[in-house]
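Reading through the structure tokens given below for one structure.
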Amino acid sequence: MAITKIGVLTSGGDASGMNAAVRAIVRTGLDHGLEVCAIHEGYRGLIEGGDKIRPLRWSDVGGIIHRGGTVIGSARSDEFRTREGRLKAARNMLQHGMDSLVVVGGDGSLTGADVLRGEWPEFLEELVARHDVDAALAAAHPRLTVVGLVGSIDNDAAGTDMTIGADTALHRITEAIDAIGSTASSHQRAFIVEVMGRHCGYLALMGAIATGADALFIPECPPTDDNWEAGLVAGLLAGRAAGRRDSIVVLAEGATDRQGTPITTERLRQVLASGLGEAVRVTVLGHMQRGGAPSAFDRNLGTVMGYAAIETLLAGDADTRSLVMGMRGNRVVRIPLEECVAESRRINDALGAREFDRALELRGASFNDALRTFNTLLKTLPHPPAAGQRRLRLGILHAGAAAPGMNAAVRAAVRLTTDDGHVALGIRRGFHGLVTGELSDMNWMSVNGWAPMGGAELGTSRDVPAGPDFYAIARTIEQHAIDGLLIIGGWEAYEGAHRLFEERKNFPAFNIPVVCLPATIDNNLPGTELSIGADTALNSIVSVVDKIKQAAVAEQRCYVVEVMGRRCGYLAMMSGLATGAERVYLHEEGITLKALVEDLELLVRGFTQGKRLGLMIRSEHANDVYDTAFMCALFEEEGGGLFDVRQSILGHLQQGGDPSPFDRIQATRLARLSIRRLAEQAAAGQPAAEFIGMRSGTVAFGSFEDYPRLIDAANRRPKQQWWLELRRINHALARPAPRMGAARTSEEGQTLMGNPRP
Ligand code: ATP
């Protein structure tokens, strides 16, 4: 039977990004002509019924995407754990003619929905027998369909790379540890920072990598040494002796020792105070980790998952078993709820049984990879080179514009190179430094404190080598006996590396392994779905647009916000999705005068009907004739005085700022794998020229032999861009559905207007 009405609830601990999910569920549902009811206060509201279950209109979920927590409320309900409680819930759902449920919550909440689903047929019989519902109503709703979205800051769910809320929590943790780091180093102090995560060490581990912490305790990996306290103190003292001014120990709330005894902040404080002989400060981050505006990633994750939930319901895919929406490598996956919950439980059971190695293994490859990376980077000093080992000399440089996260990549590359007994050479100012021979040895401490730093300490340049540069570069490579190059940067890095590759026949010195590591806010590089810096830029854009929207609420105004990206619309597209923009202009789609006139008509209609704010996001080179100023002038002049128009060109603020946790972590991970690749190839005498990237959730290398066929050189972007698929979601959530009437009040009290036709 066709679905006509669905319920949505948020349950368990709140998580940032839940609102984006609710917004997407409601609007996608309405767009398909469904009625969508919010069940306020989770399962408690479902049991209570009455006005706890209310239909939502398009406008009811306007202006919520940027808010933390959940606007429809969340709760824990002991009554729902009882059969009697769930029977009441079933009765209320039937009385509302509802037999489809989208639940956003942790594994407890998802399990609860699945239990109700299993009991539904017997509940129908019972309710009919009791005359609580009539037989025809029961017959019309023979089964309950459940789709789940994992909303939890802990990132403890199996089957999905990320849960809604984890990235925002990581932002809060990283900001807090960065702030603590600056005070700790001013006073040469030790700090213990306790982070949330219950039995999962994800937040602690990623927070520790992102901030370059000095020690870490997580549930999955208790200290192996019985005398770990002494080892901890010795490590921190050695760090001080090597020049570090502070010590930051990150402790996951569920951490224990091998015997299962909790490692508490107090226990650690005593160990450090007596061992280091200095004041030790403890910060328990607590609920601030849950709060605050959701990160761009969580908004988009919630949005994409919410959209997918409705598609799944409508396709009938969840008719026979409950499904959970997950994300693997930027793609939506649908996992049977039972499997997802059972797998998560297996990890908790392993931890409970103190089978730590098994728990660690179950957390998956990237968790383990991250832990290995952290353990290598936290060492005070590198391993000395092994006797007789070949000591490679690896050059590290940037090229292209600065991107947040470049320093984190260099830090990891230098430390891992030296830890492997090789020599890291820092090349200044991009290819320019390679031409002029501006390079120097870098050591463990020369990159100390670089993990959180924005910009590019090595310096960068947009120069791409040409003509006489090749001879000079060949001479530098030979004179300094460079065995391999790691080029961290954007389009110019790839162009330059490709030219060196092409010139191999003329310059034998170029026959050394080269790896390009993608670092540009534009996210316009081949061989990777994401480049380092793009996440930070996206978050910068989103936080400015939030402010612009707040500033405009009292007026009738349309903003045209221009974002960077050159001819790649990634930043425009993703920031449009994350801010609820009603129109996104991309070079990939182009802009025609006809479309602008249509947009104008929709603006006029909307403002006539009471709209207060319009938000259009435009990629900087979407169309060089119809530029931002032209669009603003057109809208203003032809708007008949109904509204005013302001342009906002965000400019270089998008390139600056401290890198986001994601950019730091990915930079570190990619640098580690790149250095390993260079060393392997140099040792094996196979000088490939490659670029590293993240594709479908895994890290892969591409060859510069394939580079020309992967790129759209004229527009400086890859031929294939995965994120273009997301346009349909933007269209669905920003466009008035014809079924719903021509003009609906949206979001920020505005009327939604048409987006570009796909
Ligand atoms: P978080 O990860 O934030 O703790 P969660 O969804 O796992 O979220 P829980 O407290 O475990 O949080 O569950 C939330 C609610 O889901 C519970 O209060 C209860 O109403 C319902 N619930 C949980 N487990 C079950 C179960 N086994 N059977 C029925 N209902 C359940």
Side-chain angles (χ1 to χ4, degrees), residues 7-19 21-22 39-49 52 68-70 72-90 92-93 101-120 122-123 144 146-160 162-169 172 195-203 219 252-254 286-287 289-291 294 298 301-302 305 322 324-326 337-349 351-352:
V8 53
L9 63 84
T10 50
S11 170
D14 65 299
S16 274
M18 281 182 164
N19 285 329
V22 170
I39 296 153
H40 294 261
E41 317 305 332
Y43 292 124
R44 196 190 297 161
L46 197 59
I47 292 172
E48 213 176 300
K52 287 279 187 283
T70 160
I72 60 171
S74 183
R76 299 191 200 266
S77 161
D78 286 337
E79 197 179 353
F80 193 76
R81 291 179 185 273
T82 67
R83 188 177 186 281
E84 203 47 39
R86 292 191 294 275
L87 187 63
K88 285 187 200 161
N92 286 333
M93 287 189 71
L101 205 51
V102 183
V103 176
V104 190
D107 59 351
S109 306
L110 303 182
T111 305
D114 202 37
V115 171
L116 178 61
R117 179 184 162 282
E119 293 166 334
W120 188 264
E122 67 190 62
F123 283 174
L144 173 66
V146 171
V147 172
L149 274 63
V150 196
S152 165
I153 68 164
D154 303 334
N155 204 27
D156 57 350
T160 184
M162 289 294 276
T163 56
I164 297 167
D167 185 63
T168 305
R172 297 293 100 80
V195 305
M196 283 182 164
R198 293 192 300 187
H199 303 299
C200 180
Y202 175 86
L203 290 176
E253 62 181 353
H287 279 78
Q289 294 164 86
R290 282 194 187 281
D298 273 329
L301 183 66
M305 298 285 112
S322 306
V324 173
M325 303 297 102
L337 190 148
E338 263 174 87
E339 273 176 34
C340 175
V341 170
E343 185 68 16
S344 307
R345 298 249 158 96
R346 264 196 285 282
I347 303 179
N348 288 347
D349 291 347
L351 287 171

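The figures that follow rest on heavy atoms only: side chains count, while hydrogens, waters and symmetry mates do not. Indexing begins at 1, ligand by ligand and atom by atom, following the structure's order.
- Side chain of T70 to main chain of T10: no donor-acceptor pair is present (N/O by atom type, distance under 3.5 Å, no hydrogens or angles).
- At under 3.5 Å, not a single nitrogen or oxygen of G105, backbone or side chain, sits near a nitrogen or oxygen of ligand 1.
- Nearest protein heavy-atom neighbour of atom 23 (C) of ligand 1: G108 O, 3.0 Å.
- Heavy atoms of other residues, nucleotides or ligands lying less than 6.0 angstrom from CD of E343 number more than 12.
- Residues L110 and V150 meet the side-chain proximity criterion, which asks for heavy atoms closer than 4.5 Å.
- With ligand atoms numbered from 1 in the order given, ligand 1 contributes 14 (C), 15 (C), 16 (O) to contacts under 4.0 Å with heavy atoms of S11.
- Of all protein heavy atoms, the one closest to atom 29 (C) of ligand 1 is G112 CA, 3.5 Å.
- Taking every non-hydrogen atom of Y43 and a distance limit under 4.0 Å, the qualifying atoms of ligand 1 come out as 16 (O), 20 (O), 21 (C).
- For atom 20 (O) of ligand 1, the nearest non-hydrogen atom from the set S77, A15, G13 comes from S77.
- A donor-acceptor pair is defined here as one N or O able to donate and one able to accept, closer than 3.5 Å; no such pair exists between the side chain of Y202 and the backbone of I153.
- Side chain of D298 to main chain of I164: no donor-acceptor pair is present (N/O by atom type, distance under 3.5 Å, no hydrogens or angles).
- In summary, the atoms of ligand 1 found under 4.0 Å from a heavy atom of T111, numbered by their order in the structure, are 27 (N).
- In this structure, S74 contributes its side chain and G13 its backbone to no donor-acceptor pair below 3.5 Å.
- For atom 14 (C) of ligand 1, the nearest non-hydrogen atom from the set A89, S109, G85, A157 comes from S109.
- Residue, atom and distance of the protein heavy atom nearest to atom 9 (P) of ligand 1 are R76 NH1, 3.4 Å.
- Contact annotation: the side chain of R86 approaches that of F123 to within less than 4.5 Å [non-hydrogen atoms, C-beta and beyond].
- Using a 4.0 angstrom heavy-atom cutoff, R198 counts as in contact with ligand 1.
- Counting only distance, with no hydrogens or angles, the side chain of R290 and the backbone of G69 share no donor-acceptor pair below 3.5 Å.
- Annotation for ligand 1: atoms under 4.0 Å from non-hydrogen atoms of G106 are 2 (O), 5 (P), 6 (O), 7 (O), 8 (O).
- Contacts with ligand 1 closer than 4.0 Å are made by heavy atoms of both the backbone and the side chain of F80.
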